[in-house]
4 protein chains.
Amino acid sequence: MNQNTVEQPSGDTSAAGEETATHIRRNFASDNVSPVCPEILAALSAASTGAAASYGDDPWTEKLERRVAEVFEAEARVFPVSTGTACNSLALSALCPPWGAVLCDESAHINNEECGAPEFFTHGAKLLGLPSDDGRISSEMLGRALEKAASGGSHVSRVSALSVTQATEWGTVYRPEHLREVTGMARRAGLGVHMDGARLVNALAFLGCSPAEATWRSGVDILSLGATKSGAMAAEMLVVFDPARAEEMDRRRKRAGHIWSKQRFLSAQLLAWLEDDLWLRNGRNATDMAARLARGLLRQPGAVLPFETESSEVFVVLPELLLEALEAAGFGFYRWTTPPGITGTLIRLVTGYDTRAEDVDALLAVLASVE
Amino acid sequence: MNQNTVEQPSGDTSAAGEETATHIRRNFASDNVSPVCPEILAALSAASTGAAASYGDDPWTEKLERRVAEVFEAEARVFPVSTGTACNSLALSALCPPWGAVLCDESAHINNEECGAPEFFTHGAKLLGLPSDDGRISSEMLGRALEKAASGGSHVSRVSALSVTQATEWGTVYRPEHLREVTGMARRAGLGVHMDGARLVNALAFLGCSPAEATWRSGVDILSLGATKSGAMAAEMLVVFDPARAEEMDRRRKRAGHIWSKQRFLSAQLLAWLEDDLWLRNGRNATDMAARLARGLLRQPGAVLPFETESSEVFVVLPELLLEALEAAGFGFYRWTTPPGITGTLIRLVTGYDTRAEDVDALLAVLASVE
Amino acid sequence: MNQNTVEQPSGDTSAAGEETATHIRRNFASDNVSPVCPEILAALSAASTGAAASYGDDPWTEKLERRVAEVFEAEARVFPVSTGTACNSLALSALCPPWGAVLCDESAHINNEECGAPEFFTHGAKLLGLPSDDGRISSEMLGRALEKAASGGSHVSRVSALSVTQATEWGTVYRPEHLREVTGMARRAGLGVHMDGARLVNALAFLGCSPAEATWRSGVDILSLGATKSGAMAAEMLVVFDPARAEEMDRRRKRAGHIWSKQRFLSAQLLAWLEDDLWLRNGRNATDMAARLARGLLRQPGAVLPFETESSEVFVVLPELLLEALEAAGFGFYRWTTPPGITGTLIRLVTGYDTRAEDVDALLAVLASVE
Amino acid sequence: MNQNTVEQPSGDTSAAGEETATHIRRNFASDNVSPVCPEILAALSAASTGAAASYGDDPWTEKLERRVAEVFEAEARVFPVSTGTACNSLALSALCPPWGAVLCDESAHINNEECGAPEFFTHGAKLLGLPSDDGRISSEMLGRALEKAASGGSHVSRVSALSVTQATEWGTVYRPEHLREVTGMARRAGLGVHMDGARLVNALAFLGCSPAEATWRSGVDILSLGATKSGAMAAEMLVVFDPARAEEMDRRRKRAGHIWSKQRFLSAQLLAWLEDDLWLRNGRNATDMAARLARGLLRQPGAVLPFETESSEVFVVLPELLLEALEAAGFGFYRWTTPPGITGTLIRLVTGYDTRAEDVDALLAVLASVE
């Protein structure tokens, strides 16, 4: 499956006050339709007292660095930014020169939905999308790409980085041994390794391993760790495990307009998210709710789930009749490009940190009610 | 005066809890050391309910556009971003091609303190800093630059835009007739006109004219309107008065990582700031407090104010003895490069939306107390 | 077939004096191993008399423009440059914005062998390689790509240009009706159309149609017309049929270091090449010799030709035993990535403007002599 | 003097056949109006025999590297390109990151007449032009710039390189001790040093020192060595004395379209130029002829020479009456921006490798004949 063209979402996605009297959340279009998590909102208010030095010389940023070191068991460098696109692109620019190339899965967000941001930040590097069954790069495909990259000379872009997405765009999750295999191949070939962890917390819930195990102990040099999809207002962070890769990152951030003057308000979000394992709890809820949803859909006649549901995204092919019923009931979701050979329409349903069992069950009930 | 190298601020700038029992705000280092304005914080909380469509298709963004149209009396296009550097650089990229040049004052923030962000976003355009007495481009200097630009052919970068800063980096303010004169010259020569309005609200307080008069009626094509220095958490907006200049701005924003997925939280800040004239009140307070401070300093023996104080920044040369007294009392400020021919040290004192008369008076009292 | 990794050429390719006593040209590695065509060398000498205005204000450039208008029956703008990579990349930069994407065949030179030059000149546009059987984009694949491009919004790079290669990288040639079909689809979708004509002259020999018919009458907006592979020292030209696309091309050339101060020596090469139909004769010779070679190979037991030979490149799979015999006899060629499912090794044999029947026959004789 | 806007040249600059029956060369507009030096033209013909490996794997390039090592007494890396703009810009891109800045004289060609090429190749670095009296950076101005650069942090572009022009744009020449002083300051501050040697051969003739003494022994890391202005058709070379700076230069060249497929024809030009000291003889002639011209002008009533004539460019202020006489006699030259406080018009007269004493004397005779 190599297309993930986003079409317009169905349902009532634009209404802020969509919640009905029954309090059912019907918007499954994305995990970024959710509001800010109460703990993070409280942290923002708490941070808004008194003067604080600007551009990152504030106590919140300092505490954030210490907390990241704790939860990742590593003296990583941390750079907060407000969007995942910035986070990914800054990471890639530190790993790949302008005449370089980045290997990624053909479904990768960096390759398809960031309007060329990696190319902008790297000053023109190429993204080479490798085909896969389910968003996870296989060692076979990677081996072939690395072999090809080894020849070529100065006519050919230098393959400089591998970017893996965890959880993947199709909702699947790399196992640590798989990850170590591909990152090991990449590192032996001289590539730096980036992880797009916009939904890493959802993968962690599935894997049950430590953040360290899921990242630098599995060969990741730079992690884009996303909090926005998991409760923050707008907060992501580059976690640079290899300090040499962090050189001049502040100048990279500054010239991209990605250093907040009042950075305490970025750091405060991330700090609250990492405190008391809020991040892990939020990630777990979305993954659990997606699993509940997938279990229900598997029992639904006419439904086909082309991928394993291992994090917070559920892809399902449903007959149009059922989709119309969902829309009629006010449920929101995106229609995806249906893979060839399957009848029906592929849709994506995304659960969030704040999705509840009753929201999932309400959706399943609508499907069950169609004759 | 052509140097504004920033040195390290003095005083206790990093302590969030610097406020003493007497509640005196002692941090005059910048207007971005302030917390979020209560009205804006409340708006963020209020916006954090229920699901909302992402990437700008939300009701807050829609209301923001309507409100901007009202306060500027124009059907402008509005693009919220989180930093002034991004706002300025996106604006310039819409006005100037990669092989172009931007005319600006040599003191301009875009030219000195954005680490080459305009060059990044424009893909390599040149910034040509024109010398001035006080941060305001004179029609003489502009005329000379435009004349030079008219010759040259394809060996020479095409001069494509004029950028004016209102209020200027030296705290002075363009009068509308001055502004119309230079923007008129620029437009007749085929240039687009950008205004860096990071502190426009402070200038408006000084001028007493309407926002429309201060901007598009005075020849501005794109305005970078800053709210962060005036009460927001992190919120600025491109206001594009010439709709043709707005083409593909969303793709420009996206590939720079400057579209928030939860954009409602950017728009909600800006909306609250524009509601009930909060922006004008906040701007007026800073300008009034700066004037109070300047009046006090003018009475201080040994103080030299090289510029008129017309907005929220006060530049003053003081003997080291007085600076040490300020530092000893916990006041924070930046030391600047002292212009040649003046004895003492040039410092910058910045007032904010939340500076109070007692804060200013406390600073003046310290100076007066030194024998 | 989607890989054309270039490996090191076999045979004696580096010796300038490789020609033996029998005067057999044995180097089939590329059409750029040839010397300068005598007519062009003479033109360079003739142009080297007296002073001439620099940077293109010279009589040779003026005559070149008139000659191009004649041979293409169009008032095209002409921009001479010294390399095909520069020519292609400048063309694409005029057709595609930094946030855009270019559709091309996955085998395209711009996509594989220019080390990211199109990305550099366009400031980061994406190249989207479409799979094909033989280097020619099918209307089916193009239709699918255009359909996908129509959705997406600002998250997705704007598909802005189609680039076709004539003759293709696999030695095949688009027929005019095929070309009109795909360029028509592209133009209706708002795309500009570029033709990489590094070997257009070889295709013209095969097609027998007029240069106009092969280009702008078939929907091409900008042509990269290559003379270097067909007799010049270092000379290519952008031929811009749509004058609106030529805007600021001189500034684009200048800032890329691609305006010669002594431009008369670029224009003189191209002028001599276009005079007396030298270009067409040179192109025809290479195409004829490739056809002779292909005919011979088709009679060779064990040889498989995966593509039709329609221009100057012959791709053939041969058993290693035969390749070793060729190498032992001093013949030079590149080994290519062999397509899956075929036994033997794929090599590329390229004929030039100066290849003779006896050179081809000598190669075939070596093969025939192997038992 | 801080403006060198080029206006249109006077005289008959566009006529290839401008030489009259008296064989007087009247075009003093630039040293790039000259034809190719006979020795170099002969070398091009000689190189045009037989097949040769492409993209630099040819014997001419190999010999060139050895010859450069000889004449510069150093194991430098050599990269031939066809224009000075490409040569300078590639050099700067190897010395300065995208968020960096290059210090140069405000009159520098890289700063004024390359249409932003250095900004393009460096991906947006800033050029900071330092004011000077005569094109030579003083240690005072450099010291001030380096001091300013030392403060600032990530808000300020990192000053990364110093670029000196030898001979300067005003025809003056750095003495080795001056050069060592400024390059020493730069290197101690961590900057790389570039020399724009478009007219280095003219400076060498004036200095009488060895090429090594004039370059790497005086602190130069990368030299742009120009042959085009001194007899070549289109040939310059990057000479990289610090091999670490040469890393990935071939990929930089390739993606800028600056590797010729038939590179032998670039290398053959440069090789012939360096053989038998042709380069030094050509440089000496231009410098000698400029000196002869300057001596004559100094005797001319009404002429003011604002700079010392130390290489091949003569700047002179003349009354309009005299300029009209020159133009009437068919002499070609550029009018420059006249410095304030001088009556008359500043013009530039450039001598070349092929200027003869009778050409100079003819020009002086015209001036002398005006009553």
Side-chain angles (χ1 to χ4, degrees), chain C residues 9 13-19 25-27 29-30 32-36 38 41 44-45 47-55 57-60 81-90 114-117 119-121 228-229 233-234 251 254-262 264-266 332, chain D residues 9 13-19 25-27 29-30 32-36 38 41 44-45 47-55 57-60 81-90 114-117 119-121 228-229 233-234 251 254-262 264-266 332:
Chain C
T13 62
S14 65
E18 69 155 23
E19 311 315 305
R25 168 71 53 89
R26 289 181 169 80
N27 196 327
S30 181
N32 55 33
V33 303
S34 296
V36 183
L41 205 56
L44 283 171
S45 288
S48 190
T49 51
S54 43
Y55 300 111
D57 289 333
D58 61 84
W60 292 268
V81 292
S82 51
T83 70
T85 295
C87 202
N88 284 333
S89 299
L90 285 166
E114 298 186 345
C115 197
E119 288 86 351
F120 180 40
F121 281 72
T228 310
K229 291 180 194 300
M233 178 181 288
R251 281 204 168 89
K254 178 63 191 173
R255 73 194 282 264
H258 280 292
I259 298 188
W260 283 19
S261 58
K262 300 180 177 176
R264 58 170 144 171
F265 297 107
L266 264 182
Chain D
T13 62
S14 65
E18 69 155 23
E19 312 316 306
R25 169 71 53 86
R26 289 182 168 79
N27 195 327
S30 180
N32 55 35
V33 302
S34 296
V36 182
L41 206 56
L44 284 172
S45 288
S48 190
T49 50
S54 43
Y55 299 112
D57 290 331
D58 61 84
W60 292 268
V81 293
S82 51
T83 69
T85 295
C87 202
N88 284 333
S89 299
L90 285 166
E114 298 186 345
C115 198
E119 288 85 351
F120 179 40
F121 281 72
T228 310
K229 291 181 194 299
M233 179 180 286
R251 280 203 169 90
K254 179 63 190 173
R255 73 194 283 263
H258 280 292
I259 297 188
W260 282 20
S261 58
K262 300 180 177 176
R264 57 170 146 170
F265 296 108
L266 264 181

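Any value given below was found using the heavy atoms of this structure, including those in side chains, with hydrogens, waters and symmetry copies removed. All chains are named by letter (A, B, ...) in the order of the sequence lines, taking the proteins before the strands, and each is independently numbered beginning at 1.
Residue contact with chain D, scored on non-hydrogen atoms closer than 4.5 Å, is absent for S89(C). When heavy atoms are compared at a cutoff of 4.5 Å, I259(C) approaches chain D solely by way of its backbone atoms N, CA, C and O.
Distance check: S48(D) OG to L44(C) CG gives 9.5 Å after rounding to the nearest 0.5 Å. Going from atom CZ of R264(D) over to atom CG of N32(C) covers 9.5 Å, rounded to the nearest 0.5 Å. Of the inter-residue distances, the one linking E114(D) atom CD with R255(C) atom CZ reads 12.5 Å to the nearest 0.5 angstrom.
Comparing S45(C), G116(C), S30(C) by how many heavy-atom pairs each has under 4.5 Å with chain D, the most go to S45(C). Residue with the most contacts toward chain C among A256(D), A234(D), G84(D), P38(D): A256(D) (heavy-atom pairs, distance under 4.5 Å).
Here the closest non-hydrogen pair linking F120(D) and F121(C) is CZ-CA, 4.0 Å. P35(D) and F265(C) get closest at one heavy-atom pair: CA-CZ, 4.3 Å. Taking every heavy atom of both residues into account, T83(C) and G257(D) meet most closely at OG1-O, 2.8 Å.
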Could you walk me through whether K262(D) and T228(C) satisfy the side-chain hydrogen bond (donor to acceptor under 3.5 Å, both in side chains) test, starting with their C-alpha distance in whole Å, then the side-chain angles of each, then the deciding distance to 0.1 Å, before giving a yes or no? CA-CA 8 Å; K262(D) 300 180 177 176; T228(C) 310; over 6 Å; no

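H258(D) places no side-chain N or O within 3.5 Å of a backbone atom of A86(C) that could act as its donor or acceptor partner.
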